[in-house]
Amino acid sequence: MGYKALCLGLTCILCAFYIFTPIPENIEEPWKVRIMDAAIKTTSLALKDLKIFLAILVKLDYTQPISDENVTVMDTTFSDIPVRLYLPKRKRESQRPAVIFIHGGGFVLGSYKHTPLDLLNRWTANKVDAVVVGVDPRLAPEYPFPVPYEDVVSVVKYFLHDKILAKYGVDPNRICISGDSSGGALAAGLAQLIQNDPEFKNKLKAQALIYPGLQLVDVSMPSHRENEHGPLLSRKLAIKLACLYFTRDKALPQAMMKNQHMPYGSMHLFKLVNWSTFLPEKYKKNHVYTEPIIGKLNPSYSILLDSRLSPLAANDSQLRNLPLTYILTCKHDILRDDGLMYVLRLQNVGVKVSHDHMEDGIHGALSFMAAPVYLKLGIRIKDKYINWLEENL
Ligand SMILES: *[C@@H]1O[C@H](CO)[C@@H](O)[C@H](O)[C@H]1NC(C)=O
Ligand SMILES: *[C@@H]1O[C@H](CO)[C@@H](O)[C@H](O)[C@H]1NC(C)=O
Ligand SMILES: *[C@@H]1O[C@H](CO)[C@@H](O)[C@H](O)[C@H]1NC(C)=O
């Protein structure tokens, strides 16, 4: 097939998606969201290796570590893992707070170099007067779980040494770990580790999770059902990315689509992610709770019981020691209920939680805060997150 014919074909599919995809009514800048949604659907349909294509697109949008009048920005490594540091230039007598930020991208894409996230971290450093550390763990499928998780552990271990904190003028009592989407999953998992493991002498003051994905145990929650086709993140794409985090086996995503992926011996986790118990009435609507079906997959994935993959499925004693928490959820997001339930589970064990819910929110908006795609929603989410840090860190 010729190049022109391919382009024409793709354009036709794009237009069809643009016209026929329903978009929730209360969304701001609906035509932009429609175009982005159609583009993602077209590429996932037309390209076998979506990742390569997206990786090229995302890389076009990478920025160099450029310092400005307020912040010194530099790329370096902590324990051989790439990090980007944002060091405020302002003079200051006392030590500064610090934020460790882990980017989203479904564990397979993304970087702190991505322009909107570079801006986010730069603004955080300036507004909160904090040292910010952007982390680039190695990513799946080349480096499957637990490599990305362990890379973040290495970075945090390195940074939390008294000597290193002192080097950057950081107050050990004012450290936050943050992340968006899959980065939120990593941040939540790390917070559970740091707060519970005596090996970490310096603990966190806060964690901030922006539309985080927090579990793979039950993928048929009301938010999965209501937002199955997106916008932007469809259930199918989310499941595909989540599975690629630890396997290329196609049988797993197929089973997960039917919520039949959990192995024997995993039933004790169901009550910890039971949306019928932990979701506020308002979001349950008329949905009927059904338990995930177990034992359908052969070979089975016992890795799915690992709470590093599903921080929401940790038990109460693992949650009790968690620090002050910020969670932002979006209404039109398949991952909405993960965040909503974590709010309640943490509150139930006495953790102090601040929760922002965007009634017109869609997944991933933070990644659209700079040209070529700019959503006002992204700016509003950024402001809420940074304001919370200013007041609480
Ligand atoms: C530097 O900080 C000031 C005060 O917060 C702000 O007005 C200005 O835009 C910042 N400069 C950059 C390049 O962000
Ligand atoms: C889930 O919660 C509902 C309502 O609280 C309850 O009836 C059901 O038994 C629970 N199921 C599991 C597996 O926890
Ligand atoms: C909670 O989970 C941890 C780690 O999996 C385990 O060691 C502990 O025994 C569990 N506690 C309870 C009360 O189930």
Side-chain angles (χ1 to χ4, degrees), residues 63-74 84 86-92 96 115-132 146 149 188-200 214-215 217-222 259-295 302-322 337-338 340-341 344-346 348-351 369-370 379 382-383 386-387 389-390:
T63 48
Q64 297 300 314
I66 299 167
S67 301
D68 63 34
E69 71 214 59
N70 303 317
V71 185
T72 304
V73 183
M74 63 172 93
R84 181 168 288 184
Y86 300 79
L87 310 169
K89 287 184 177 168
R90 210 173 305 164
K91 284 241 175 317
R92 180 172 170 143
R96 295 192 151 82
T115 304
L117 293 185
D118 179 70
L119 286 173
L120 178 75
N121 288 337
R122 182 182 298 271
W123 289 329
T124 305
N126 187 33
K127 197 101 192 288
V128 185
D129 197 14
V131 169
V132 177
Y149 174 89
L190 259 290
Q192 291 182 4
L193 175 75
I194 297 165
Q195 300 308 94
N196 292 319
D197 185 343
E199 209 194 306
F200 288 87
L214 294 172
Q215 58 88 31
V217 176
D218 182 350
V219 290
S220 181
M221 300 199 179
N259 215 24
Q260 298 183 348
H261 54 290
M262 291 306 286
Y264 288 118
S266 61
M267 263 172 86
H268 64 289
L269 298 179
F270 296 171
K271 65 175 190 300
L272 301 170
V273 302
N274 185 340
W275 62 261
S276 180
T277 319
F278 294 115
L279 210 54
E281 280 310 319
K282 167 177 171 198
Y283 300 100
K284 288 189 202 168
K285 294 192 184 155
N286 298 324
H287 295 288
V288 176
Y289 177 79
T290 51
E291 278 180 31
I293 295 169
I294 56 169
S302 55
I303 199 169
L304 286 164
L305 277 85
D306 196 320
S307 65
R308 293 175 298 174
L309 283 175
S310 299
L312 181 66
N315 62 35
D316 283 355
S317 41
Q318 288 169 289
L319 302 186
R320 209 157 273 138
N321 300 323
L322 287 176
D337 295 347
D338 286 15
L340 290 175
M341 289 168 67
L344 200 63
R345 285 216 53 215
L346 294 187
N348 284 352
V349 294
V351 174
M369 288 197 298
I379 301 290
K382 177 266 289 178
D383 286 339
I386 293 182
N387 288 344
L389 287 175
E390 256 191 308

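Atoms within a ligand are numbered from 1 in the order they appear, just like the ligands themselves. Keep in mind that the numbers below use all heavy atoms, side chains included, and drop hydrogens, waters and symmetry copies.
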Revision key, fill the gap. Note: ligand 2 atoms sitting under 4.0 Å from heavy atoms of T277 are 1 (C), 2 (O), 5 (O)
Exercise for review: Could you tell me the separation between the CZ atom of R84 and the CG atom of D118, rounded to the nearest 0.5 Å?
Suggested key: 5.0 Å
Point to revise | Candidate with minimal heavy-atom separation from atom 13 (C) of ligand 3, of A314, S317, S307 | key: S317
Point to revise | Close side-chain approach of R308 and P146, heavy atoms under 4.5 Å | key: yes
Practice item. For atom 4 (C) of ligand 1, find the nearest protein heavy atom and state the residue, atom name and distance (0.1 Å precision). Key: N126 ND2, 4.4 Å
**Study point:** Minimum side-chain heavy-atom gap V219-H261 below 4.5 Å
**Key:** yes
Check your understanding: Which of the numbered atoms in ligand 2 are below 4.0 angstrom from a heavy atom of F270?
Key -> 13 (C)
Exercise for review: Please report the shortest heavy-atom distance between M262 and L304, naming the atom on each side.
Suggested key: CE-O, 3.6 Å
Point to revise | Contact partition for M267 relative to ligand 2, non-hydrogen atoms under 4.0 Å | key: neither
Check your understanding: If you take all heavy atoms of R345 and N315, which pair is closest and at what distance?
Key -> NH2-C, 3.7 Å
Exercise for review: Over all heavy atoms of both residues, which pair between Q192 and L319 is shortest? Give the atoms and the distance, please.
Suggested key: NE2-CD2, 3.5 Å
Review point. Counting from 1, what ligand 1 atoms have a heavy atom of N70 closer than 4.0 Å?
Key: 1 (C), 2 (O), 3 (C), 8 (C), 10 (C), 11 (N), 12 (C), 14 (O)
Exercise for review: Go through ligand 2 atom by atom and flag the ones less than 4.0 Å from a non-hydrogen atom of E291.
Suggested key: 13 (C)
Practice item. Tell me which part of E69 gets within contact of ligand 1: side chain, backbone, both or neither, using heavy atoms under 4.0 Å. Key: side chain
Practice item. Check whether any side-chain heavy atom of N70 lies under 4.5 Å from a side-chain heavy atom of K89, and answer yes or no. Key: no
Review point. Does the side chain of N348 reach to within under 4.5 Å of the side chain of F278, using non-hydrogen atoms?
Key: yes
Exercise for review: Scan the protein's non-hydrogen atoms and note whether one is under 4.0 Å from atom 11 (N) of ligand 1.
Suggested key: yes
Exercise for review: Would you tell me which option among L272, L269, N274 has the nearest heavy-atom contact to atom 8 (C) of ligand 2?
Suggested key: N274
Point to revise | Sub-4.0 Å atoms of ligand 2 with respect to non-hydrogen atoms of K271 | key: 14 (O)
Exercise for review: List the closest protein heavy-atom neighbour of atom 9 (O) of ligand 3: residue, atom name, distance to the nearest 0.1 Å.
Suggested key: N315 ND2, 4.8 Å
